[in-house]
Undergrad: 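Once you've had a glance at the structure underneath, I'll fire off some questions.
Worth saying up front: this structure is predicted, and the values here are computed from it rather than measured.
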Amino acid sequence: MRRRVYSARRSSYPAYQRPRRVRRRLHVGVSVKLYALAVLLAGGVWWVNQSPRLRLSSVEVEGNRTVKRDAIVALINARLDAPRFGVLPQRNYLWFDADAAVQALQQQFGFTAVEVARRWPNTVTVTVHEPVATLVWVSGPQAYYVDD
């Protein structure tokens with residue numbers, strides 16, 4: 001049997017060279033990294049969506065005189081239950097679309113000005129400015145308001 005001598009000699013002869021440790025790295029492909037990132041992102045969105053601290057649960061209405069509060073609250077609740085981005089319900093503080101709620105209120109009731117604001121922690125505040133009508137003319141399903 002041949003004896004190997006590992007010394008500090010600088011030789012090119014392989015028998016005198018100390019075998020080097022080879023560190024092996026775990027090579028993860030790009031597709032696996034992208035898949036892991038997508039799973040983490042989807043999990044984060046789900047966690048934020050399920051958080052009870054970000055859930056909108058109450059609706060406050062201010063400034064209404066002729067339109068009933070229940071009708072405005074029902075319309076806002078319908079907007080809260082409608083999906084945003086195709087899959088996320090708007091009942092979350094981050095996903096609620098106040099501009100779409102303003103458009104729906106103006107289209108449904110014909111207010112002159114509407115403000116919809118999210119109030120921390122779980123409230124939607126609707127401020128309504130109704131038109132001042134001196135004459136209301138109703139013809140079938142149509143209603144016409146004549147102001148000053």
Undergrad: To the nearest 0.5 Å, what is the distance between CZ on Arg69 and CD on Glu60?
TA: 8.0 Å
Undergrad: With clusters defined by side-chain heavy atoms of hydrophobic residues (ILVMFWY) lying less than 4.5 Å apart, directly or transitively, does Trp47 cluster with Val45?
TA: yes
Undergrad: Less than 4.5 Å apart, side chain to side chain, heavy atoms only: is that true for Phe109 and Leu75?
TA: yes
Undergrad: Roughly how far apart are Asn64 CG and Thr127 OG1, rounded to 0.5 Å?
TA: 10.5 Å
Undergrad: Checking Val116 against Val114 for the side chain to side chain contact (heavy atoms under 4.5 Å, CB included) test, could you report, in this order, the C-alpha distance in whole Å, the side-chain angles of both residues, the deciding distance, and whether it holds?
TA: CA-CA 7 Å; Val116 177; Val114 178; 4.1 Å; yes
Undergrad: Which heavy atom of Ala100 sits nearest a heavy atom of Arg79, and at what distance?
TA: CB-NH2, 3.3 Å
Undergrad: Can you tell me how far apart OG1 (Thr125) and CD (Glu115) are? Round to the nearest 0.5 Å.
TA: 10.0 Å
Undergrad: To the closest 0.5 Å, what do you measure between CZ (Phe96) and CZ (Arg55)?
TA: 13.5 Å
Undergrad: With sequence neighbours left out, which residue pairs that include part of residues 85-114 fulfil the salt bridge (Lys or Arg N to Asp or Glu O under 4.0 Å) condition?
TA: Asp81-Arg91
Undergrad: Please find the pair of heavy atoms, one from Thr123 and one from Leu56, that lie closest to each other, and give the distance.
TA: N-CD2, 4.0 Å
Undergrad: Which distance, rounded to the nearest 0.5 Å, do you find between the CG of Leu105 and the CD1 of Ile76?
TA: 4.5 Å
Undergrad: For Thr112 and His129, work out which heavy atoms get closest and say how close.
TA: OG1-O, 2.7 Å
Undergrad: My understanding is that only one of Asp70, Val67, Ile72 makes a side-chain contact (heavy atoms from CB on, under 4.5 Å) with Val61; could you say which?
TA: Ile72
Undergrad: Which heavy atom of Trp120 sits nearest to which heavy atom of Arg53, and what is that distance?
TA: CH2-O, 4.0 Å
